Peer 1: 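To start, I am sharing the structure in question, which I have written as C-alpha cells.
Labels below follow one simple rule: chain letters A, B, ... track the order of the sequence lines, proteins then strands, and each chain is numbered from 1. Just so we're clear, the structure is a prediction, and the values are computed from it rather than from any experiment.
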Amino acid sequence: MFRPIRGMKDLYGSDINKYNFIIEQARHIGEKYGYSQISTPIVEQTDVFQRSIGDETDVVSKEMYSFVDKGGESITLRPEGTAGVMRAIVSESMAQSLPIKLMYYGEMFRYDRPQKGRYRQFHQLGFEHIGDKSPYTDALLISMASEILNSIGIFGFKVLINSLGDDETRESYTKGLVKYLSRHEENLSEDSKKRLTKNPLRILDSKDSKDKEICSMAPIITDYLSKESGQYFEKVCALLDDYGVNFEIDNFLVRGLDYYSETAFEFKSTSEEYGDSVGGGGRYDKLLKIFGGPDVSGIGFAFGIERLMMLLDDSKFQNKAKKVAVVPVSEDENDTAFQLLKTLYDADIPAEFIHNGNLSKKMKIADRMNCGIALILGEDECENETVTVKLMNCDDKSKKTQTVARNDIASFLKHSL
RNA sequence: GCGAGUGUAGCUCAGUUGGUUAGAGCGCCAGAUUGUGGCUCUGGAGGUCAUCGGUUCGAUUCCGAUUACUCGCCCCA
C-alpha cells in the first residue's frame, strides 16, 4: 500500500476545514490592513534562497529540497516564502510604487526529521510590508498578527520581541559577544563552539543548559544598539503597549535566517497542545537590494499553519449537517426522485441522491452522510405528488415526519434548513 | 545528521513465561424490521502478528538486521 512520503500528510476532513478557516480569517484581516494577495511558484532557482537566507543557516545548509532539472539548472522547493516574494517584486517591477503590502500562503518544504508540529511539507501564511520603515509599521504588523491569532480562536500566546539593530550595532555586538563567549569556550557545547566562528548570535538561543548559563551573563544587544536603533525599538514597544498587544522583550531572540535586522519577533504558544513557536518574523533591510531591487527596508512574518491547526479543537471543524437526502423507496421511484433532486439543486439546496439498498439501508446511509432531512418518495407519494419529509434530528414524534406537496418542497426546505 | 520508543483486524489496543483453530471494543456486512436511520439483540466477513534472516522439534513471542511510524536533540513554522 502506498502512503504519503515521510514528513508529508494528506489534508482532509476537519483538518482541511481548519486550514480553510485560518486562511479565510487571515485574508479578511489582511484585506482590512491593506494587503493584497500574491502567489509565487513553489520552485525557484536555488540561488534565490541561498543568497537571501544565508549559506550558514541550517535551512540552507541542510534542509533544502534541491534538484537539478533536465536543463541542468539547480532548482529548490521553497523553504520559506519571503525570498520568493522579494524576487517577484523585482521580477514584476512592483517596486516602482512603494510601499507594497503583500500576503501569501502555501506549501513550504524543508528536509529535516519530522516530529510534532514539524513536517517536510508544511504550510505557511505570511505578510510582507515593503518600503515603509517606521516603528508604526512594525507595531501595526505585529498587532495585525495578534489579531489574526485571536480571530481564529487562539488567545494563549505571547509575542517575544527583540531588536537586532542596524549593521553597525550587530557588528559591534557580535564582537563583544564573541569576546565574552571566547573566555568560556571550554564550557560551551560542541555545536556552540562551531557557531562561535560561523554564527555567534545563534548561541544565544541554544537550549543546552551550560550554554544557557553562560549566555545569561553575556552582554545583551540592547546595550549595543545605536542611538537610532534604540529609539526605534523603544517606540515600537511603546506603540504595542498602546494597542494592548501582550508582548515580552527577549534579548536572546535571534531568528534563524540571516536577513533580519532591527525588529525581530516570534509568536510563542502557551498551550499544552503545542508550546512552541507558531510564527515569527522581523525587519529586513537589504533583502530587496540583494534581488536587484531598490535599497528599501521591509518587514514581514509568517505563521506555520499546521502549528495553528494543532491549537484548534477538532470537534468544532467537523462537517456540518445541512444536506437533504433524497430517498426513493424502490427503484420504481428512482426517476421521480432524480427529478426532485434537480428541483432542489435549482433552488440551491444542498442534497444527496441515495438509491442503493433497501429503504432501511438508504436511511442508514443518509444518516451517515450527515443529512439533516430525508425526503422519502414511494408509491403513495408519487401518486399524490407529495413527498414525506423526515427530520433526522428531531425527537418530537409528531413533528418528525410530515407530508408536503411536491411543488412546495423547495420553499418548505428553505425555511427548515 | 544523532538518540529513544513502537509496529498484532479498517481504527484503538489486549495477549502468547516459545506449543493445536491469535482476542476485545469500536467500525463494516447481513438478519430481527421486505415504507424509515440513531437504541437493542443475533450472526458474519476481515490477520503472511511490519519485512528478512538466526536460534529451536516448533517463533507472532527470544536474538539480529532492515523498514515504517512516533517522540526527542540539532534547527525551525
Peer 1: Within the 4.0 Å heavy-atom criterion, would you say A:Arg110 contacts the bases, only the backbone, or no part of the nucleic acid?
Peer 2: base
Peer 1: State whether A:Arg6 places a side-chain N or O below 4.0 Å from either non-bridging phosphate oxygen (OP1 or OP2) of B:C69.
Peer 2: yes
Peer 1: What is the distance, to the nearest angstrom, from the OH atom on A:Tyr119 to the C1' atom on B:C71?
Peer 2: 12 Å
Peer 1: Using a 4.0 Å heavy-atom cut-off, write out nucleotides 35-40 of chain B from 5' to 3' as B (base contacted by protein), S (sugar-phosphate only) or - (no contact).
Peer 2: BBBB--
Peer 1: Look through every strand shown and name the nucleotide pairing with B:U36 as Watson-Crick or G-U wobble, where both distances are under 3.5 Å.
Peer 2: none
Peer 1: With the side chain of A:Asp58 defined as its heavy atoms from C-beta on, choose the nearest nucleotide among B:A68, B:C74, B:A77.
Peer 2: B:C74
Peer 1: Which one is paired to B:C29, where only Watson-Crick or G-U wobble pairs with both distances under 3.5 angstrom count?
Peer 2: B:G43
Peer 1: If we only count heavy atoms from C-beta on, is the A:Met363 to A:Ile376 side-chain gap below 4.5 Å?
Peer 2: yes
Peer 1: Searching all strands shown, indicate the nucleotide that pairs with B:G19 (Watson-Crick or G-U wobble; both distances under 3.5 Å).
Peer 2: B:C57
Peer 1: Would you measure the distance from the P atom in B:A30 across to the matching atom in B:G37 and give it in whole Å?
Peer 2: 13 Å
Peer 1: Taking B:G47 as the reference, what is the distance to B:U42 when you measure between their C1' atoms (whole Å, please)?
Peer 2: 24 Å
Peer 1: Mind checking the P distance from B:G18 to B:C63? Whole angstroms is fine.
Peer 2: 10 Å
Peer 1: What is the pairing partner of B:C52, taking Watson-Crick or G-U wobble pairs with both distances under 3.5 Å in any strand?
Peer 2: B:G64
Peer 1: Can you confirm whether more than 12 heavy atoms, excluding those of A:Tyr136, are under 6.0 Å from its OH atom?
Peer 2: no
Peer 1: In whole angstrom, what separates A:Phe265's CZ from B:A77's C1'?
Peer 2: 13 Å
Peer 1: Does any donor atom in the side chain of A:Ser315 or A:Gln318 lie under 3.5 Å from an acceptor atom in the other side chain?
Peer 2: no
Peer 1: Is the phosphate of B:G1, meaning OP1 or OP2, less than 4.0 Å from a side-chain N or O of A:Arg113?
Peer 2: no
Peer 1: Does A:Lys116 or A:Glu63 map to a spot on RNA chain B nearer the 5' end, using the closest nucleotide for each?
Peer 2: A:Lys116
Peer 1: Can you tell me if A:Arg406 has over 12 outside heavy atoms packed within less than 6.0 Å of its CZ?
Peer 2: yes
Peer 1: Rounded to whole Å, how long is the line connecting atom CG of A:Asp276 with atom C1' of B:C71?
Peer 2: 14 Å
Peer 1: Hey, does A:Glu80 have a side-chain heavy atom less than 4.5 Å from the side chain of A:Val59?
Peer 2: no
Peer 1: If I compare all heavy atoms of A:Ser163 with all of A:Ile221, which pair ends up nearest, and what's the gap?
Peer 2: O-CG2, 3.2 Å
Peer 1: Please assess A:Phe301 against A:Phe303 for the test ring pair (Phe, Tyr, Trp, His ring centres under 6.0 Å), listing each intermediate value before the final yes or no.
Peer 2: CA-CA 7 Å; A:Phe301 75 92; A:Phe303 285 127; 5.1 Å; yes
Peer 1: In whole Å, what is the span from the CG atom of A:Leu312 to the C1' atom of B:A77?
Peer 2: 15 Å
Peer 1: With a 6.0 Å cut-off (strictly less than), is the heavy-atom count around CD of A:Glu171, excluding the residue itself, greater than 12?
Peer 2: no
Peer 1: Atom OH of A:Tyr111 to atom P of B:C2: distance rounded to whole Å?
Peer 2: 11 Å
Peer 1: If we check side-chain contact (heavy atoms from CB on, under 4.5 Å) with A:Ser269, which of these qualifies: A:Ile154, A:Val278, A:Asp276?
Peer 2: A:Val278
Peer 1: Looking at residues 266-274 of chain A, who's got a heavy atom less than 4.0 Å off RNA chain B?
Peer 2: none
Peer 1: For B:A65 versus B:C29, give the span between their P atoms, rounded off to a whole number of Å.
Peer 2: 44 Å
Peer 1: B:G72, OP1 or OP2 - any side-chain N/O from A:Gln115 closer than 4.0 Å?
Peer 2: yes
Peer 1: Considering only atom C1', compute the distance from B:A9 to B:U17 and round it to an integer number of Å.
Peer 2: 26 Å
Peer 1: Rounding to an integer number of Å, can you tell me how far A:Ile23 CD1 sits from B:A77 P?
Peer 2: 17 Å
Peer 1: Distance check, C1' atoms only: B:U16 and B:C11, in whole angstrom units.
Peer 2: 23 Å
Peer 1: Side chains of A:Tyr284 and A:Glu128 only: does a donor on one sit below 3.5 Å from an acceptor on the other?
Peer 2: yes
Peer 1: Quick one: A:Ile203 CD1 to B:C74 C1', roughly how many Å, whole number?
Peer 2: 14 Å
Peer 1: Could you tell me if the ring centre of A:Phe265 sits under 6.0 Å from that of A:Phe267?
Peer 2: yes
Peer 1: Whom does B:G5 pair with, Watson-Crick or G-U wobble, provided both distances fall under 3.5 Å?
Peer 2: B:C69
Peer 1: OP1, OP2 of B:U70 versus side-chain N and O of A:Lys9: anything below 4.0 Å?
Peer 2: yes
Peer 1: Side chains of A:Arg170 and A:Ser261: do they bring a donor and an acceptor to under 3.5 Å?
Peer 2: no
Peer 1: At a heavy-atom distance below 4.0 Å, what parts of residues 298-310 of chain A sit against RNA chain B?
Peer 2: A:Gly304, A:Arg307
Peer 1: Between A:His129 and A:Phe127, is the ring centre distance below 6.0 Å?
Peer 2: no
Peer 1: I'd like the P distance from B:C39 over to B:G1, given in whole Å.
Peer 2: 49 Å
Peer 1: Given 3.5 Å as the limit, does a donor-acceptor pair link the side chain of A:Arg110 with the main chain of A:Pro79, or not?
Peer 2: yes
Peer 1: Measure from CZ on A:Arg118 to C1' on B:G1 and round the result to the nearest Å.
Peer 2: 12 Å
Peer 1: With rounding to whole Å, what would you report as the distance between B:U67 and B:G25 at their P atoms?
Peer 2: 38 Å
